[in-house]
Amino acid sequence: MIPRWINGKDGSVSLNDLIRYVKGGFLVPEQSRTPLIIPAAVSATVPRSAPSLVIEAPSDSVAEIFSFVGEQDTGVDPDVAARMTCQITDVAFRRRLMNKHIPAQHIFGGAGVNGSGGVPGYFPLFLRESILLEQQQTMLFDFNNNSIAGPTAFRFMLEQRKFQSTSLTRDLVTNYIKNQRFRKTLLQPYFIGQDGNVNLPVGRQGLLTFTNTRSSYFIWLGTAATFIVNGAGGGNLVEGFAVTMFDAKTQRPLQNQPVVRSCCTGSAGLPYQNPTGLILEPDTCMQWQVQNLVTGGGTSIDIFVTLIGALSYTLENPFETPMRGVQVADPSAASYGAP
Amino acid sequence: MLRQVDKFLRYNPAHRQFEPVRWRREILPSWLTIRDTDSALPISVPVSPGTPPLTIFQPYSSVNGADQGFGTPFEMRSLIFQDDVDGTAAANFTVMLKEVGEAREFMNNPVHIRTIAGSGQFPAILREPYMFLSQHNVSAKFVKVAGPTTQMRFYAAGAQYYPWSPTLIQYPADKRELLKLLSQWMNRRKSVTPFWLTTDNVPQDGLTPPGSVTIPAGAGTGKFQTTAKIGDDGHFEAYGWCAVSTGKFALDLVETKTKQTLMNGQVSNVNSVGSSFLPTLFPSPYLIPAGYRLRWNFLNLTAAPNLVFFTLFGRKIYAPISQVAETLQRTAVPTPADSPTMLVPSPL
């Protein structure tokens with residue numbers, strides 16, 4: 001991220017000169033004139049998918065993506081908005097930004113009062129690590145409609161910083177981009193969704209698990225959560241559920257008593273920001289015991305929780321390791337029996 | 001050559017790869033609430049005299065004394081609450097926090113919950129984190145402002161330190177780093193704590209909580225004057241203010257000894273006062289020396305009597321300030337001189 005102001009050692013404050021070479025901008029999918037319409041799911045367990053949507057960086061600039069914004073059109077059923085999921089792939093690096101399909105409401109914030117799914121978003125989802133896209137590099141967005149209540153009508157965009165190719169001769173810019181390229185080999189924004197779906201009947205407790213990837217450290221920085229009440233419920237319809245969280249590797253509890261939803265989670269636009277980041281080791285599993293606070297006849301709730309943060313690829317430093325020479329086949333060489 | 005990607009990752013030349021900063025792994029995000037809350041059930045808060053003093057307790061844990069005497073401290077960074085929707089006047093309740101063992105109060109009078117605690121999305125960030133030591137207690141007393149009993153939950157959010165973690169045995173340099181940070185906190189917490197300043201007013205009706213004021217009826221005519229004294233035990237550095245009221249009002253604030261004012265006329269609460277969710281922050285911290293007194297001149301902008309809870313939030317500095325210049329009100333434009341005079345532990 002680029003700080004707008006820079007503090008000098010003598011206490012002076014000056015405008016960051018890098019700002020002069022950066023433009024703001026937006027990236028949308030190529031089919032952006034119409035919303036993404038996915039028909040209702042086949043059944044509660046068989047979703048319908050849309051073809052992958054492609055977002056491509058401009059050909060004349062390097063793009064640094066720093067936030068996601070999205071919304072459902074008016075009239076979309078709230079159940080559809082709440083259950084719609086998304087999976088994002090950075091094609092150039094062959095990396096996914098999440099472990100599974102994540103609720104779109106947990107990924108796309110709002111630009112004003114209209115958040116995704118009619119939920120006030122207020123703010124975009126600011127990524128915990130920006131994504132650098134070289135010229136014409138692409139990202140794929142795959143959406144599912146998991147609700148049988150109706151079709152989706154979803155629009156989204158990414159906010160970006162543009163480094164015009166004309167500015168790429170400036171040391172200030174090239175050094176910044178070089179640094180970002182290096183960071184990208186080690187860090188990327190990442191979302192971890194719960195393993196499996198959780199449906200909790202009245203007054204019951206359940207277990208949510210969040211499994212980290214096998215070879216990377218996940219730095220957990222914030223949380224978004226939503227819940228859907230099935231049937232007419234009573235009791236605490238605002239809070240929905242309370243949780244008891246346990247550290248992944250050491251199983252240490254993170255609280256002395258259960259914490260209710262609104263005090264430990266947020267939304268895409270305003271996620272709960274952890275007071276300090278928590279490093280989850282590779283291949284470890286964080287557990288959340290959840291308790292349904294909704295009471296009343298025949299009510300159950302579906303719970304969706306997403307851990308927001310950054311994934312660290314602790315690779316060998318590519319800038320320090322000597323590159324191995326590429327073996328090129330030479331038809332004139334000894335393998336063909338030449339003298 | 002980039003040696004540190006961010007504060008969580010550091011290059012290890014021995015292994016020739018980036019690795020997590022181990023001592024940061026032993027600081028976990030955490031929540032602390034009333035000790036005897038039964039499961040996730042809320043706490044019932046009645047009107048005066050309110051709840052009995054409830055205890056927020058930080059337990060002790062260690063392995064073979066490997067904690068170096070620090071135990072398992074909790075760094076309180078923000079306050080969060082959740083309550084029932086309540087339609088009564090100035091909903092919902094007040095809170096008074098005290099450090100039991102050290103006999104320190106965090107406020108001069110009870111303050112309204114919506115001027116001290118926020119939500120998960122808008123937590124009320126403490127301007128000075130409070131290092132809550134193992135085996136220490138903070139007592140919390142809640143009083144409903146009016147109407148029937150309400151249900152609520154109250155949490156302190158922050159970071160839990162595990163200096164004794166067995167994981168650190170393999171990383172002695174990281175353990176030293178963590179212990180050094182805790183040593184800085186131990187020193188700092190002796191002389192700087194979070195603090196909330198509200199009015200010294202004590203209503204005589206026996207029902208309205210202390211700290212609140214009721215501006216007499218009359219739009220543009222109802223006036224009320226009240227004061228608050230900064231205790232002689234320490235200076236107060238205010239970072240902003242917030243208020244809860246039953247109607248619109250205007251105010252001006254005067255420091256009585258120097259006659260310094262923060263405004264050249266009365267400002268309305270809509271224009272100048274936020275809540276704990278989105279408080280109004282001063283452009284520069286306002287340092288009020290020990291023993292000084294603030295005077296509020298309230299003007300009612302509604303016809304009905306107006307119940308107001310007004311809170312300045314910041315930190316109390318229990319230490320002598322060495323330079324005379326530091327006792328003066330800070331300038332509006334931040335300068336290097338505005339940096340805290342005491343050492344600040346490395347931000348996490």
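- Closest non-hydrogen pair, A:T276 versus B:R77, comes out as N-NH1, 4.2 Å.
- Neither the backbone nor the side chain of B:F74 has a heavy atom closer than 4.5 Å to any heavy atom of chain A.
- The stretch residues 123-133 of chain B places none of its residues near chain A, where near means some heavy atom under 4.5 Å from a heavy atom of that chain.
- Between chain B and the options A:G266, A:G222, A:S262, the largest number of non-hydrogen pairs under 4.5 Å is found for A:S262.
- To the nearest 0.5 angstrom, A:R252 atom CZ is 4.0 Å from B:S165 atom OG.
- Within the model, atoms CG of A:D247 and CD of B:Q160 stand 11.5 Å from one another, a figure rounded to the nearest 0.5 Å.
- Residues A:E281 and B:R25 meet the side-chain proximity criterion, which asks for heavy atoms closer than 4.5 Å.
- Every residue two or more places apart in sequence or in another chain that forms a side chain to side chain contact (heavy atoms under 4.5 Å, CB included) with B:T280 is listed here: B:W241.
- The CG atom of B:L28 sits 9.0 Å away from the CH2 atom of A:W220 when rounded to the nearest 0.5 Å.
- Counting all heavy atoms, side chain and backbone alike, B:W31 lies closest to A:C263 at NE1-O, 3.1 Å.
- When heavy atoms are compared at a cutoff of 4.5 Å, A:I279 approaches chain B by way of both its backbone and its side chain.
- Between B:Y162 and A:P253 the shortest heavy-atom distance is OH-O, 4.1 Å.
- A heavy-atom distance below 4.5 Å is found between the side chains of A:L221 and B:F8.
- With sequence neighbours excluded, no residue forms a side-chain hydrogen bond (donor to acceptor under 3.5 Å, both in side chains) with A:N256.
- Counting heavy atoms from C-beta on, the side chains of A:T250 and B:E26 never come closer than 4.5 Å.
- The choice from A:Q273, A:Q255, A:R261 that makes the most heavy-atom pairs within less than 4.5 Å of chain B is A:Q255.
- With values rounded to the nearest 0.5 angstrom, B:I80 atom CD1 is found 4.0 Å from A:Y272 atom OH.
- Top candidate by heavy-atom pairs under 4.5 Å with chain A, chosen from B:P166, B:G158, B:A157, is B:G158.
- Without hydrogens or angle criteria, A:Q257 side chain to B:T33 main chain gives no donor-acceptor distance under 3.5 Å.
- Taking all atoms of both residues into account, the shortest heavy-atom contact from A:T265 to B:Q121 is O-CG, 4.4 Å.
- Checked against side chain to side chain contact (heavy atoms under 4.5 Å, CB included), B:T150 has the following partners two or more places apart in sequence or in another chain: B:V45, B:D84, B:D86, B:N92, B:F93, B:K144.
- How far CZ of B:F18 is from OH of A:Y217: 14.0 Å, rounded to the nearest 0.5 Å.
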